[in-house]
Engineer: 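I am attaching a structure below and will ask some questions about it afterwards.
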Amino acid sequence: MEGHHHLHHHHHLQHQQQQLHQQQQQQQPNIGAAVNVDADRFPQWSVQETKEFLMIRAELDRSFMETKRNKLLWEVISTRMREKGYNRSAEQCKCKWKNLVTRYKGCETMEAEAMRQQFPFYNELQAIFSARSMQSILWSEEGGATGSKKKSVQLSSDEEEDMEEGEIDKSSIRKKKKKSKTGVGAGAGASGSSNSINDIKEILEDFMRQQMQLEMQWKEAYETRENERRLKEMEWRHTMEALENERIMMDRRWREREEQRRMREEARAEKRDALITALLNKLRREDHI
């Protein structure tokens, strides 16, 4: 099932690359001029543009690991960037990826808070590298033939992109260097298998550490948001209580004013009744006289 999916993915990628190559032949003068103009300008990459670029690069990462013709893949990324409204040449995308990988490697010794401030795209690159490590483990588990294929594919990708792809799995590279320095003899088949198992264990441990670090970062962010929510809720409650107290005081003052007005009305009515009664009595007395 995995081989069928891989074959379908490879055919789809070849079809897309052929279409791109035909478009380049049809529009060679215009595209060349546009690339030259963009190369001279080199506009600044925005945060959103970089995130879109990393999403596209993550989708094609497996293809980068499986093919030697990385130039066409960078053209595919450039085309997809133009579809999203970002006019970037293949060379600009490749240079941007190299810079991001370099900055990612420089953040490995930093603390989480300083890392987020210095390099806001650390999590995106870490996700790409973690997925690649898991794919390497799957390749290793398929058998010795697939493992040798994986090694040759990684070397070809490294040579095509100036060794930038080989920076992902540092633990595996260190193991290979140790093996080349010590020299493996004719009877090193068992030790090579043991080293392969150790490599897989080390990759898994690195992956678990990365996952734990991501989980800690997520918990910290969640706690920060929760504290902010509690503070806002407390402020809202205090504001509502103040408004309720003010409403009660206004209602009380209104009732007092109404009571005073009613008492004044009653006093005026009593005075009016007294005057009318006095006037009627006076008229009665005059009539009797």
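Any value given below was found using the heavy atoms of this structure, including those in side chains, with hydrogens, waters and symmetry copies removed.
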Engineer: Report yes if some heavy atom in the side chain of L283 is under 4.5 Å from a heavy atom in the side chain of E286; otherwise report no.
Structural biologist: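 When only atoms from C-beta onward are counted, E286 and L283 do touch, with a gap below 4.5 Å.
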Engineer: For the ring pair W74 and F64, is the centre-to-centre distance below 6.0 Å?
Structural biologist: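 Yes: the rings meet the under 6.0 Å criterion.
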Engineer: Can you tell me how far CD1 of I128 sits from OH of Y104, rounded to the nearest 0.5 angstrom?
Structural biologist: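 Atom-to-atom, Y104:OH and I128:CD1 are 10.0 Å apart.
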Engineer: So, taking the atom named CD in Q126 and the one named CZ in F121, what distance separates them when rounded to the nearest 0.5 Å?
Structural biologist: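 Reported to 0.5 Å precision, the distance equals 15.5 Å.
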Engineer: Check R229 with E226, please: is the shortest side-chain N to carboxylate O separation under 4.0 Å?
Structural biologist: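 Between R229 and E226 there is a salt bridge, with a charged N closer than 4.0 Å to a carboxylate O.
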Engineer: Charged N to carboxylate O below 4.0 Å: is that the case for R247 and E244?
Structural biologist: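 So R247 pairs with E244 through a salt bridge.
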Engineer: According to a hydrophobic-cluster definition based on side-chain heavy atoms being under 4.5 Å apart (Ile, Leu, Val, Met, Phe, Trp, Tyr only), do W254 and M250 belong together?
Structural biologist: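 Different clusters: W254 never reaches M250 through Ile, Leu, Val, Met, Phe, Trp or Tyr contacts under 4.5 Å.
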Engineer: Find the distance between CD1 (I77) and CE (M81) and round it off to the nearest 0.5 Å.
Structural biologist: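 So the CD1 of I77 and the CE of M81 are separated by 9.0 Å.
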Engineer: Are K84 and I56 packed together at the side-chain level, in the sense that at least one heavy-atom pair is separated by less than 4.5 angstrom?
Structural biologist: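 In contact.
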Engineer: Do K282 and R285 come within less than 4.5 Å of each other through their side chains, counting heavy atoms only?
Structural biologist: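 Counting from C-beta outward, K282 and R285 do come under 4.5 Å.
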Engineer: More than 12 heavy atoms of other residues, nucleotides or ligands under 6.0 Å from CE of M240: yes or no?
Structural biologist: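 Counting other residues, nucleotides and ligands, CE of M240 exceeds 12 neighbours.
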Engineer: If Ile, Leu, Val, Met, Phe, Trp and Tyr residues are connected whenever their side-chain heavy atoms lie under 4.5 Å apart, and connections chain through other members, are F53 and V47 in the same group?
Structural biologist: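 Yes, F53 connects to V47 through the hydrophobic network.
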Engineer: Contact between N123 and Q217 at the side-chain level, heavy atoms closer than 4.5 Å - yes or no?
Structural biologist: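 Yes, at least one pair of side-chain atoms sits under 4.5 Å.
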Engineer: Group every Ile, Leu, Val, Met, Phe, Trp and Tyr by side-chain heavy-atom contacts under 4.5 Å, then state whether L214 and F129 land in the same group.
Structural biologist: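 No, separate clusters.
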Engineer: Would K219 and E223 pass as an ion pair if we require N to O under 4.0 Å?
Structural biologist: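 Judged by the 4.0 Å cut-off on N to carboxylate O distance, K219 and E223 do not form a salt bridge.
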Engineer: Hey, mind stepping through R268 and E265 against salt bridge (Lys or Arg N to Asp or Glu O under 4.0 Å) and telling me if it holds?
Structural biologist: CA-CA 5 Å; R268 283 196 294 268; E265 288 290 335; 2.5 Å; yes
Engineer: What's the separation between atom CG in L54 and atom CD in E49, rounded to the nearest 0.5 Å?
Structural biologist: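 That separation rounds to 11.0 Å.
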Engineer: Can you measure from CD (Q211) to CG (L204) and round to the nearest 0.5 angstrom?
Structural biologist: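 Those atoms lie 11.5 Å apart.
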Engineer: Could you tell me which non-hydrogen atom of P120 sits nearest to which non-hydrogen atom of E124, and how far apart they are?
Structural biologist: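 Heavy atoms only, the tightest pair is O-OE1, 3.8 Å.
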Engineer: Got more than 12 heavy atoms from elsewhere within 6.0 Å of CZ, R237?
Structural biologist: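 Open.
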Engineer: Are K98 and V101 close enough that some pair of their side-chain heavy atoms sits under 4.5 Å apart?
Structural biologist: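 K98 vs V101: side chains apart.
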Engineer: Which word best sums up how the rings of Y222 and W218 line up, parallel for under 30°, tilted for 30 to 60°, or perpendicular for over 60°?
Structural biologist: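 Taking W218 first and then Y222, their aromatic rings lie parallel (interplane angle under 30°).
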Engineer: Exactly one of R255, R261, Q260 should register a side chain to side chain donor-acceptor pair (under 3.5 Å) with E258. Which one does?
Structural biologist: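 Considering R255, R261, Q260, a side chain to side chain donor-acceptor pair (under 3.5 Å) with E258 is found only for R261.
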Engineer: Under 4.5 Å between any side-chain heavy atoms of S133 and F207, yes or no?
Structural biologist: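 A side-chain contact is absent here, since even the closest heavy-atom pair is not under 4.5 Å.
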Engineer: Could you pull out all residues at least two apart from Y86 that satisfy ring-ring contact (aromatic ring centres under 6.0 Å, His included)?
Structural biologist: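 Partners of Y86 under the ring-ring contact (aromatic ring centres under 6.0 Å, His included) test: none.
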Engineer: Would you compute the distance between atom CE of M208 and atom CE of M212 and round it to the nearest 0.5 angstrom?
Structural biologist: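 Going from the CE atom of M208 to the CE atom of M212 covers 7.0 Å.
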Engineer: Which atom names give the shortest non-hydrogen contact between R82 and N87, and what distance separates them?
Structural biologist: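 Minimum heavy-atom contact is CD-OD1, 3.6 Å.
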Engineer: Quick one: does R88's side chain get under 4.5 Å of K96's, heavy atoms only?
Structural biologist: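 Heavy-atom side-chain distance check fails, nothing below 4.5 Å.
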Engineer: Under 4.0 Å between a Lys/Arg side-chain N and an Asp/Glu carboxylate O for R230 and E233?
Structural biologist: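 Looking at E233 together with R230, the answer is no, because their closest N to O distance does not fall below 4.0 Å.
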Engineer: With the 4.5 Å side-chain cut-off for hydrophobic clustering, are W45 and Y122 part of the same group?
Structural biologist: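 Same hydrophobic cluster.
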Engineer: Is any side-chain N of the basic residue among R253 and E256 closer than 4.0 Å to the acidic one's carboxylate O?
Structural biologist: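 Looking at E256 together with R253, the answer is no, because their closest N to O distance does not fall below 4.0 Å.
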Engineer: What do the steps show when you test K232 against E228 for salt bridge (Lys or Arg N to Asp or Glu O under 4.0 Å), and what is the final call?
Structural biologist: CA-CA 6 Å; K232 290 182 179 179; E228 291 177 355; 5.4 Å; no
Engineer: I need the single residue from E52, E59, E75 that forms a salt bridge (Lys or Arg N to Asp or Glu O under 4.0 Å) with R80. Which is it?
Structural biologist: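 Exactly one candidate clears the test, E59.
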